[in-house]
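Just below is one structure, and these are the notes that go with it.
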Amino acid sequence: MKTSLRTHTCGELTANNIGEKVTLCGWIQKIRKLGGMTFIDLRDRYGITQLAFNAETNPDLCKQIEPFGREWVIQVTGTVAERYSKNKNIPTGDIEILAEKITVLNESLTPPFTIEDESDGGDELRMKFRYLDLRRNPVKNNLLFRHKLGIAIRNYMNNIGFVEIETPMLVNSTPEGARDFVVPSRLSHGEFYALPQSPQTFKQLLMVSGFDRYFQIVKCFRDEDLRADRQPEFTQIDCEMSFITQEDILQTFEGLIKYIFKEIKGIDIEPIERITWHDAMKYYGSDKPDARFGMRFVELNNVLQHKDFKVFNEAELVVGIVAKGCAHYSRKQLDELTNFVKRPQVGATGLVYIQCQEDGHFKSSVDKFYDQNDLQAVAKECGAEAGDLILIMAGPRMKTQTQLCQLRLEMGSRLGLRKAGEYKLLWVVDFPLLEWDEETQRYYAMHHPFTAPKPEHEAMLESDPGHVNANAYDLVINGTEVGGGSIRIHDKELQKRMFKALGFTEEEAQKQFGFLMNAFQYGAPPHGGLAFGFDRMCSVLCDADTIRDFIAFPKNNAARDMMLGAPTPISDAQLKELGLK
RNA sequence: GGGCCGGUAGUUCAGUUUGGUUAGAAUACAUGCCUGUCACGCAUGGGGUCGCGAGUUCGAGCCUCGUCCGGCCCGCCA
């Protein structure tokens with residue numbers, strides 16, 4: 001790293017360099033004054049090197065460093081020497097620099113929080129001073145990880161013939177899907193660009209153009225509410241292929257995922273298990289199950305709907321899970337679980353439990369309605385053994401599945417079954433093509449309107465649209481949706497029928513997606529693809545709770561950049577120029 | 001649109017349940033002492049609009065209402 005200002009970095013000098021004359025540049029991490037001796041820890045991206053100053057042999061230099069403070073930027077020239085007492089905790093701990101000449105490159109205010117691995121600064125403050133936060137190892141290492149992952153992906157994709165092509169950031173707004181961020185046009189007053197939610201239509205056009213293997217690591221924008229794992233601008237690894245079937249896509253990207261795990265984590269992963277959307281919902285109550293642990297749903301309608309317990313009898317679905325070895329749960333613990341599912345976020349009306357006690361006796365919150373034989377039958381159906389706790393919920397099918405899913409995840413966490421460092425990957429396949437929306441009384445594309453129905457279901461597009469399955473798939477890791485894609489429609493007529501099923505008039509479809517359907521008339525190849533969430537991939541691979549940790553300058557809860565203060569009002573002059581005033 | 005948690009020194013927090021003299025701790029910062037530290041040590045010191053506004057009260061960091069800000073979640077996110 002030799003440049004005009006330095007001969008080495010602060011992370012590379014070792015005992016091998018003893019006696020060499022070196023020049024280092026960096027930030028002052030810490031000053032330790034011991035009277036005659038003063039030590040300065042000098043930090044840069046690469047590490048920390050100790051500088052030593054002796055008042056007896058070099059009084060002038062000691063005088064010079066008197067006013068120095070944390071985070072000043074200095075250049076130091078000196079000789080590498082072996083330490084009297086070594087520091088085994090850092091790579092450069094065997095040596096120090098006997099300083100001979102110091103140049104102050106820049107002074108610094110005292111930072112508002114400590115620049116250490118365990119900083120004293122809270123999230124809010126660190127976001128406001130993100131450039132200081134990024135000096136800290138944990139955050140810096142996250143960005144280095146992200147870089148490494150990006151490079152690995154580009155290498156792999158390049159090696160198997162994928163071409164990276166950039167697509168526009170100023171596109172047009174469409175009503176389907178997420179809300180768009182819009183950009184007013186100065187040259188065409190009253191008209192707006194939209195920032196892309198994904199390069200979806202462009203990558204399909206690139207297939208028409210003959211780039212049969214395309215990818216792009218690309219920013220996408222969605223104006224929706226944020227979460228720990230959702231930012232308004234985020235990065236996708238966007239991919240598309242021609243002349244393929246779903247199987248080709250799953251194989252190709254299983255290869256990529258396998259390579260990533262090996263290259264980045266040093267882990268050999270098992271072949272990725274596949275589960276249909278239907279089974280995922282049935283056994284986990286979720287289209288993105290955390291399959292690190294079992295605790296699968298067991299449907300109990302047949303076993304429990306023969307007595308006069310109204311709640312169960314009137315329910316569309318009665319379903320339970322088995323918590324291994326939890327029969328000993330106290331009244332308080334069971335109440336806690338009941339309160340958990342009753343919280344507005346889960347919204348259940350109640351929770352029924354059966355304790356399978358060690359003595360073979362069953363104790364339950366519905367003892368009034370079910371005798372020991374009934375409870376035994378439930379235990380048998382669930383595969384519960386003595387010492388286990390059965391948790392049962394009932395109600396409308398979809399709603400109950402979602403609620404029990406949350407309880408399952410909660411139990412998984414409580415029992416330590418969601419282990420960091422353990423990775424369970426799933427392809428969730430055979431998603432429904434369409435989803436009925438009660439509010440607007442129409443079908444919406446579950447994935448997007450360019451997704452192809454399964455060929456054998458194509459005929460039902462008009463007669464029974466709700467039961468058409470799609471050639472669509474998601475990659476799920478530990479309960480996080482890391483990517484998803486589909487085989488696309490490449491036929492103009494089928495695309496027209498799809499828009500019709502979605503309630504578009506022919507004019508609307510032509511107006512919004514005419515460019516795509518027109519392109520399909522000029523030799524569109526069969527094609528399909530998928531996109532991975534790059535930020536999420538980083539966070540999942542590092543067992544982090546939030547993708548913010550892997551974004552250099554993230555937005556807060558309210559989609560604000562706390563450092564810039566963005567968004568901000570603009571001047572009247574700008575508004576006028578844009579035709580907005 | 002909704003639920004929950006938080007806002008007190010530069011910073012991280014305690015104090016709020018049960019209103020009552022001068023609001024504490026740690027850390028950071030400053031000064032002094034200290035020649036082998038590396039979480040250096042010791043001593044001293046400065047540092048507060050208790051987010052903001054209104055209300056209740058003899059009296060509010062503490063109670064009530066409103067509001068702003070931050071975080072997590074539901075809705076939303078093809």
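Within every chain, numbering begins at 1; the chains are lettered A, B, ... in the order of the sequence lines, protein sequences first and strands thereafter.
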Expressed as a whole number of angstroms, how long is the span from L98(A):CG to U35(B):P? 18 Å
Does E506(A) pair with K496(A) as a salt bridge, N-O distance under 4.0 Å? yes
Whole-Å distance between C4(B) P and F340(A) CZ? 16 Å
Using Watson-Crick or G-U wobble geometry with both distances below 3.5 Å, tell me the partner of G6(B), or none. C69(B)
In whole angstrom, give me the gap between the C1' atoms of U17(B) and G55(B). 22 Å
Once you apply a heavy-atom cut-off of 4.0 Å, does S85(A) come out as touching a base, just sugar-phosphate, or nothing? base
Residues in contact with RNA chain B, drawn from residues 471-494 of chain A - heavy-atom cutoff 4.0 Å: none
Just the rounded figure in Å: distance from C1' of U37(B) to NZ of K86(A). 14 Å
Find the distance N557(A):CG to C74(B):P and express it as a whole number of Å. 12 Å
All pairs passing salt bridge (Lys or Arg N to Asp or Glu O under 4.0 Å) where residues 440-454 of chain A contributes a residue, at least two apart: E176(A)-R442(A), D430(A)-K454(A)
R126(A) side chain to L134(A) backbone, donor-acceptor under 3.5 Å: no
Could you measure between the two C1' atoms, the one in C50(B) and the one in G61(B), and give it in whole Å? 5 Å
For I48(A), is there any backbone N or O sitting under 3.5 Å from a side-chain donor or acceptor partner on T92(A)? yes
Take the protein atom NZ of K555(A) and the nucleotide atom C1' of G71(B), then report the distance between them rounded to whole Å. 18 Å
For atom C1', what is the distance between C62(B) and G51(B), given to the nearest Å? 16 Å
Test for a donor-acceptor pair under 3.5 Å between the base of C69(B) and the side chain of R560(A), counting only N and O atoms. no
Under 3.5 Å for both donor-acceptor distances, Watson-Crick or wobble: does C42(B) have a partner, and if so which one? G32(B)
Classify Y84(A) by what it touches in the nucleic acid, base, sugar-phosphate, or nothing, heavy-atom distance under 4.0 Å. base
Looking at every strand, decide which applies to P449(A) at a 4.0 Å heavy-atom threshold: base, sugar-phosphate, or nothing. base
Should the pair D133(A)-R130(A) be classified as a salt bridge under the 4.0 Å nitrogen-to-oxygen rule? yes
Scan nucleotides 39-42 of chain B against the protein and return all N/O pairs shorter than 3.5 Å with their distances rounded to 0.1 Å.
{"residue": "C40(B)", "atom": "OP1", "partner": "K30(A)", "partner atom": "NZ", "Å": "2.6"}
{"residue": "C40(B)", "atom": "N4", "partner": "K33(A)", "partner atom": "O", "Å": "2.5"}

Any strand: nucleotide that pairs with G20(B) via Watson-Crick or wobble, under 3.5 Å: C58(B)
All pairs passing side chain to side chain donor-acceptor pair (under 3.5 Å) where residues 52-67 of chain A contributes a residue, at least two apart: none
Provide the distance between the two P atoms, one in G41(B) and one in G36(B), to the nearest whole Å. 15 Å
Enumerate the salt bridge (Lys or Arg N to Asp or Glu O under 4.0 Å) contacts for residues 33-43 of chain A, please, sequence neighbours excluded, ordered by first and then second residue. R32(A)-D41(A), R43(A)-E71(A)
Say you pick atom C1' in G24(B) and the same atom in G15(B); how far apart are they, in whole Å? 8 Å
Consider the side chain of Q345(A), meaning its heavy atoms from C-beta on, and name the nucleotide among U35(B), G3(B), C29(B) that approaches it most closely. G3(B)
Side-chain (K86(A)) to main-chain (I95(A)) donor-acceptor, under 3.5 angstrom: no
Please classify the nucleic acid contact of E435(A) as base, sugar-phosphate, or nothing, using heavy-atom distances under 4.0 Å. nothing
Take the protein atom NZ of K88(A) and the nucleotide atom P of G36(B), then report the distance between them rounded to whole Å. 19 Å
Tell me if a side-chain donor or acceptor on D535(A) pairs with a main-chain N or O of T235(A) at a distance below 3.5 Å. yes
What does T38(A) touch in the nucleic acid at a heavy-atom separation under 4.0 angstrom: a base, only the sugar-phosphate, or nothing? nothing
Taking the same atom, P, in U64(B) and in U18(B), what whole-Å distance lies between them? 11 Å
Among residues at least two apart in sequence or on other chains, which ones pass ring-ring contact (aromatic ring centres under 6.0 Å, His included) with W72(A)? F68(A)
Tell me the interatomic distance from I28(A), atom CD1, to C29(B), atom P, rounded to whole angstroms. 12 Å
Quick check against the 3.5 Å criterion: does Q495(A) have a side-chain atom that pairs as donor or acceptor with the backbone of P449(A)? yes
Suppose we screen for side-chain contact (heavy atoms from CB on, under 4.5 Å). Which residues come up paired with P196(A), at least two apart in sequence or across chains? M169(A), V171(A), F221(A)
For F450(A), which residues count as a ring-ring contact (aromatic ring centres under 6.0 Å, His included) partner, sequence neighbours excluded? H448(A), F513(A)
Note: contacts of residues 116-131 of chain A with RNA chain B (heavy atom, under 4.0 Å) are D120(A), G121(A), G122(A), E124(A), L125(A)
Across all strands, who's sitting opposite G47(B) as a Watson-Crick or G-U wobble pair, both distances under 3.5 Å? none
With a 3.5 Å distance limit and no angle check, can you tell me whether Q29(A) reaches the backbone of I115(A) through a side-chain donor-acceptor pair? yes
Hits for ring-ring contact (aromatic ring centres under 6.0 Å, His included) against H8(A), two or more places apart or cross-chain, chain-then-number order -> none
Taking the six-membered ring for Trp, does F39(A) stack with U37(B) (centroid gap under 5.5 Å, planes within less than 30°)? yes
Using the C1' atom on both, measure G48(B) against A43(B) and round to a whole Å. 25 Å
With no hydrogens and no angle check, is any side-chain donor or acceptor of Q246(A) less than 3.5 Å from a backbone partner on I487(A)? no
Nucleotide G75(B), atom P - distance to NZ of K399(A) in whole Å: 12 Å
Within residues 216-227 of chain A, find the residues that approach RNA chain B with a heavy atom at under 4.0 Å, and present them sorted by residue number. R222(A), E224(A), D225(A), R227(A)
Using a cut-off of strictly less than 4.0 Å between a heavy atom of the residue and any atom of RNA chain B, enumerate the qualifying residues of residues 43-72 of chain A by number. Q50(A), N54(A), E56(A), R70(A)
Nearest-nucleotide 5' precedence on RNA chain B, V346(A) against A558(A): A558(A)
For N142(A) and D549(A), indicate whether the former's side chain and the latter's backbone hold a donor-acceptor pair under 3.5 Å. yes
Expected output: side-chain Q403(A) to main-chain G347(A) donor-acceptor under 3.5 Å: yes
With a non-hydrogen cut-off below 4.0 angstrom, is R179(A) in contact with a base, only sugar-phosphate, or nothing? sugar-phosphate
Would a distance-only check, ignoring hydrogens and angles, find a side-chain to backbone donor-acceptor pair under 3.5 Å from D474(A) to V476(A)? no
Using the P atom on both, measure U44(B) against C5(B) and round to a whole Å. 42 Å
